[in-house]
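So you know, we letter chains A, B, ... as the sequences are listed, proteins then strands, and number each from 1.
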Amino acid sequence: MQQSSSSPSSGIDVRYVAKLARLALDDAEAERYAVDLAALFAHVDELAGLPTDDVAATAQVIAGENVMRADQRQPGLARDVFLAGAPDTQLGMVRVPRILAEAE
Amino acid sequence: MAQTTTVAALAASVNARERSAREIAQAALADAAARDGAIGAFLALNEDVTLAWAESIDARISAGEQLPLAGVPVAIKDNLALAGTRTTCGSKMLENWVAPYTATAVERVLRAGGVPFGKTNLDEFAMGSSCENSALGVTRNPLHLERVPGGSSGGSAAAVAADLTPLSLGSDTGGSIREPAAFCGIVGLKPTYGRVSRYGLIAFASSLDQIGPFGRSVADVALLYDAIAGKDPRDATSVDRPAEATSVFTRQDLRGMRIGIVSEFGLDALEPSVRAVYEAAYADLLRLGAELVDVTLPTARYALATYYLLAPAEASSNLARFDGIRYGLRVAGDDVGDLYEKTRAAGFGPEVKRRILIGTHALSSGYYDAYYVKAQKARTLIAADFAKAFQACDIIASPAASTTAFAFQAKKDPYSMYLMDYYTIPISLAGLPSLSQPCGFAPDPLDGTPMPLGLQLAAPLFEERRLLEVARVFEAR
């Protein structure tokens, strides 16, 4: 099951994946992660050898039911406490770059 | 602390007002300031809040309360939120972020009279097995300063091993409590998934993350576990089921206890000196009255592959929140997308980026079923293998790690680092309670220094009491 582990030819487009992950990569990083991901997925591909046709997926092991709390108002974080951790604020709000320009 | 005593004795002396929590905290702070420079267990000591908390414990004792952890310092892994202090996750992303709230596990330490003491180093966002992935500092193994302490909870393990604190809290996703406990020669417990609230634990892989205690003895660890276990309305996955107290020990030997030795975890692949320690540990279990039975986990060989799909997939989703908008680092960009990409490029270190990319690929369109769903199905089979094995035995014993603590920079290939969790990951996928405890020493492969090895024990879901009872008998052998 152990395939050659460092061939970057397994077809993972690291730039595309990084775009999905909203992560800027420089050229050296892109090259390195292409190798790393190809190696990791070569190991992971051994899972294909495990028959799972009639097996249910497990999201987490402790069976449970959805939990609801009482529908009562509870205090949340105070605005100033929350904003103290934000990188840029203005007039009691988080300040962000405009987002509509791209869609024009 | 620099004064080895039991947690129970320390708490008794505070309850009896022979010593104050403040005196103990002051001594611990002074000791850490003097000795931690060489080790690097702590990222911050937070003297003012530590003393304020100690004073609040003294006030409660004066008012007549008797508390199980009265005045006992408990170091806190720096992925646990502590109101008013920086909670960094060992990452540049959160280097200057001050938590506005406190994790439930930490609140429960306080409720039990413990004094949260400093924040300990970790692999960034708890991803790693050596602490080398921290962006904020180097932690050394107190038993050998040129060796890693293990990870990701390396700072919490090193702080206890160096006798800077009697107790600490860590978190374990694939082995991040058990492997550093083994490398540092102390006891580390990963409770059943859902047994301890994850509220205030900054998420890595939510279906696997669990908070647990480190200590120098099983009894010490049991006291801290009892303080933090139990349902919490703030964590919907915390289990609504009474937590059985573990810190009252009755068992004198292991008669009637069936201990499973896993065929797939055979000792043949280990170095002879390491193998000899585990063979001796198994022989001790037998001598203490246990019956050793062979059990088999046919799907365990798929556990690493399963874990390295599920954990990065969950991590890539959880870490999406670090986008430079609401908290932590922000790097300016031409537009909001550019801001996201630049912030995350600057804020995350190499291993975190690697796992985000692995997880994003595994979850992406066209690969989701082949990787993520497939791994979730494999997880079902791995958990079923354990359930079947536990029909034939009461406890499973194995090595916690295949080697003693390794040298810095020894695991440059990411997969060789991932292999360090070979014995711990299957148990994590099954959600089982598990611990590592010292079981002997093997010579360091490079310089011959005797270094500790950990025996890993695992029990069925929610059987922490049985697990700690067996560990305590083994410890007293």
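Between B/His361 and B/Tyr371, the ring-plane angle classifies as tilted under the 30° and 60° cut-offs. Ring geometry for B/Phe125 against B/Phe348 counts as perpendicular: the plane angle is over 60°, on a 0 to 90° scale with 30° as the lower cut.
Neither the backbone nor the side chain of B/Leu432 has a heavy atom closer than 4.5 Å to any heavy atom of chain A. For A/Val94, the part lying near chain B is the side chain, with the backbone staying farther off; criterion is any non-hydrogen pair under 4.5 Å. With a 4.5 Å cut-off on non-hydrogen atoms, B/Leu461 touches chain A through its side chain but not through its backbone. Using a 4.5 Å cut-off between heavy atoms, A/Leu83 makes no contact with chain B at all. Neither the backbone nor the side chain of A/Arg69 comes within less than 4.5 Å of any heavy atom of chain B. Contact annotation for A/Ala18: both backbone and side-chain heavy atoms come within less than 4.5 Å of a heavy atom of chain B. Only the side chain of B/Leu339 comes within less than 4.5 Å of a heavy atom in chain A; its backbone stays farther off. Residue contact with chain B, scored on non-hydrogen atoms closer than 4.5 Å, involves the side chain of A/Leu77 exclusively. Looking at B/Ala430, only its backbone comes within 4.5 Å of chain A, counting heavy atoms on both sides.
Looking at B/Glu264 and B/Arg301, no side-chain N of the basic residue comes within less than 4.0 Å of a carboxylate O on the acidic one, giving no salt bridge. The pair B/Lys231-B/Asp240 fails the salt-bridge criterion, with no side-chain N (NZ, NE, NH1 or NH2) lying under 4.0 Å from an Asp/Glu carboxylate O.
Put simply, the residue from B/Tyr415, B/Tyr372, B/Tyr418 that forms a ring pair (Phe, Tyr, Trp, His ring centres under 6.0 Å) with B/Tyr308 is B/Tyr418.
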Exercise. Tell me, with the steps shown, if B/Arg86 and B/Glu95 meet salt bridge (charged side-chain N to carboxylate O under 4.0 Å, His left out).
Key: CA-CA 7 Å; B/Arg86 291 193 309 157; B/Glu95 188 171 4; 5.1 Å; no
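Chain A forms more heavy-atom pairs under 4.5 Å with one residue of B/Asp323, B/Leu309, B/Val373 than with any other, namely B/Leu309.
Of the N and O atoms on the side chains of B/Thr104 and B/Arg234, not one donor lies less than 3.5 Å from an acceptor on the other residue.
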